[in-house]
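What you see is a predicted model; the values in this text were computed from it and never measured. Heads up: numbering here begins at 1 and tracks the sequence.
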Amino acid sequence: MSNAELTSLEARLESLELQLYGSTKPHQISGGGDLCSKVRDMDKRINSAIIKKPNIASAESQIDHIIKYVRLSLADDKLDIPPAALVSLLALYEDRIKSTVAQLEQYQALKKYIDSEHISGSVDHFSKLPTLAHKVYSSQEETNRLSAQLGDLMQDYNRVMELVSKQLVVFDRIVTLAEQSKKTDAD
């Protein structure tokens with residue numbers, strides 16, 4: 001916007017404020033600043049956004065295409081929405097549309113991997129998974145059972161070895177006493 005147009009717009013806004021609020025001072029908007037300065041800031045932001053977006057022309061050319069799909073989705077509701085409202089609706093959902101486009105682009109980039117022979121062949125392997133899972137769980141249960149049996153066997157072995165050890169100590173004492181009695185008889 002040129003400076004003259006901006007000045008003209010400021011004058012019109014001040015006139016509108018006078019008519020709306022009935023005071024000679026510009027109406028203060030919450031957050032500080034008068035309406036003219038807010039509009040001026042908004043104009044600067046819009047201009048910088050337009051300058052920064054190189055694909056704005058391609059987006060504008062696709063608006064009719066997008067509006068067609070929006071109208072098709074609203075056809076069930078029997079609503080007739082004016083184009084300005086549709087553009088506002090599209091602006092409202094711009095972030096969601098951009099994220100969806102990014103996801104679709106990511107899908108397109110990964111499509112060759114998704115459609116690969118390995119992934120398409122994995123469908124055959126999915127039918128084998130339940131059987132394999134059953135075998136794994138059965139093996140795990142069998143391993144747990146055998147581990148419990150092994151623990152019992154180890155306890156029994158330890159008890160037997162303890163008894164054998166005690167018996168050997170008793171035999172050792174008997175042999176020692178017998179040897180001592182032979183020595184005393186021989187003396």
Side-chain angles (χ1 to χ4, degrees), residues 30-31 45-46 48-79 81 85-187:
S30 62
R45 285 189 211 146
I46 290 172
S48 67
I50 289 174
I51 290 170
K52 289 179 184 176
K53 291 194 176 200
N55 296 333
I56 196 82
S58 67
E60 286 177 355
S61 68
Q62 293 180 3
I63 285 178
D64 291 334
H65 188 67
I66 293 171
I67 287 174
K68 180 180 82 172
Y69 286 109
V70 171
R71 285 197 188 280
L72 285 175
S73 67
L74 295 173
D76 295 340
D77 298 334
K78 306 270 193 259
L79 295 175
I81 298 177
L86 286 176
V87 170
S88 297
L89 183 67
L90 290 174
L92 179 68
Y93 288 107
E94 179 180 8
D95 292 336
R96 187 180 289 173
I97 292 170
K98 284 182 180 179
S99 68
T100 303
V101 167
Q103 289 174 349
L104 287 172
E105 287 173 351
Q106 184 181 12
Y107 171 76
Q108 287 297 332
L110 297 174
K111 187 165 176 38
K112 63 181 177 181
Y113 300 113
I114 293 171
D115 293 339
S116 72
E117 178 181 323
H118 299 291
I119 291 181
S120 61
S122 67
V123 174
D124 297 335
H125 299 298
F126 284 129
S127 63
K128 298 174 186 175
L129 283 178
T131 308
L132 183 61
H134 178 68
K135 288 180 181 178
V136 167
Y137 291 135
S138 302
S139 303
Q140 186 65 36
E141 290 172 358
E142 181 70 17
T143 302
N144 291 341
R145 188 183 61 77
L146 289 175
S147 295
Q149 280 182 349
L150 180 63
D152 293 341
L153 288 175
M154 290 299 291
Q155 287 177 352
D156 291 343
Y157 172 78
N158 287 336
R159 274 189 243 127
V160 167
M161 291 308 294
E162 186 179 346
L163 291 174
V164 167
S165 176
K166 287 179 182 178
Q167 193 66 35
L168 286 175
V169 168
V170 169
F171 287 148
D172 184 48
R173 282 189 190 157
I174 293 173
V175 168
T176 305
L177 289 174
E179 286 177 353
Q180 285 177 355
S181 71
K182 277 187 187 182
K183 274 187 185 182
T184 55
D185 288 340
D187 284 334

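Applying the salt bridge (Lys or Arg N to Asp or Glu O under 4.0 Å) test to E142 and every residue at least two apart in sequence or in another chain returns R145.
Between I174 and the options T176, V170, D172, a side chain to side chain contact (heavy atoms under 4.5 Å, CB included) holds for only V170.
Among residue pairs with one or both ends in residues 101-114, those qualifying as salt bridge (charged side-chain N to carboxylate O under 4.0 Å, His left out) are K111-D115; sequence neighbours excluded.
To the nearest 0.5 angstrom, E141 atom CD is 9.5 Å from S139 atom OG.
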Give every donor-acceptor pair under 3.5 Å between a side-chain atom in residues 147-163 and any protein atom, sequence neighbours left out.
| unit_1 | atom_1 | unit_2 | atom_2 | d |
| --- | --- | --- | --- | --- |
| S147 | OG | T143 | O | 2.9 |
| D156 | OD1 | R159 | NH1 | 3.0 |
| N158 | ND2 | M154 | O | 3.3 |

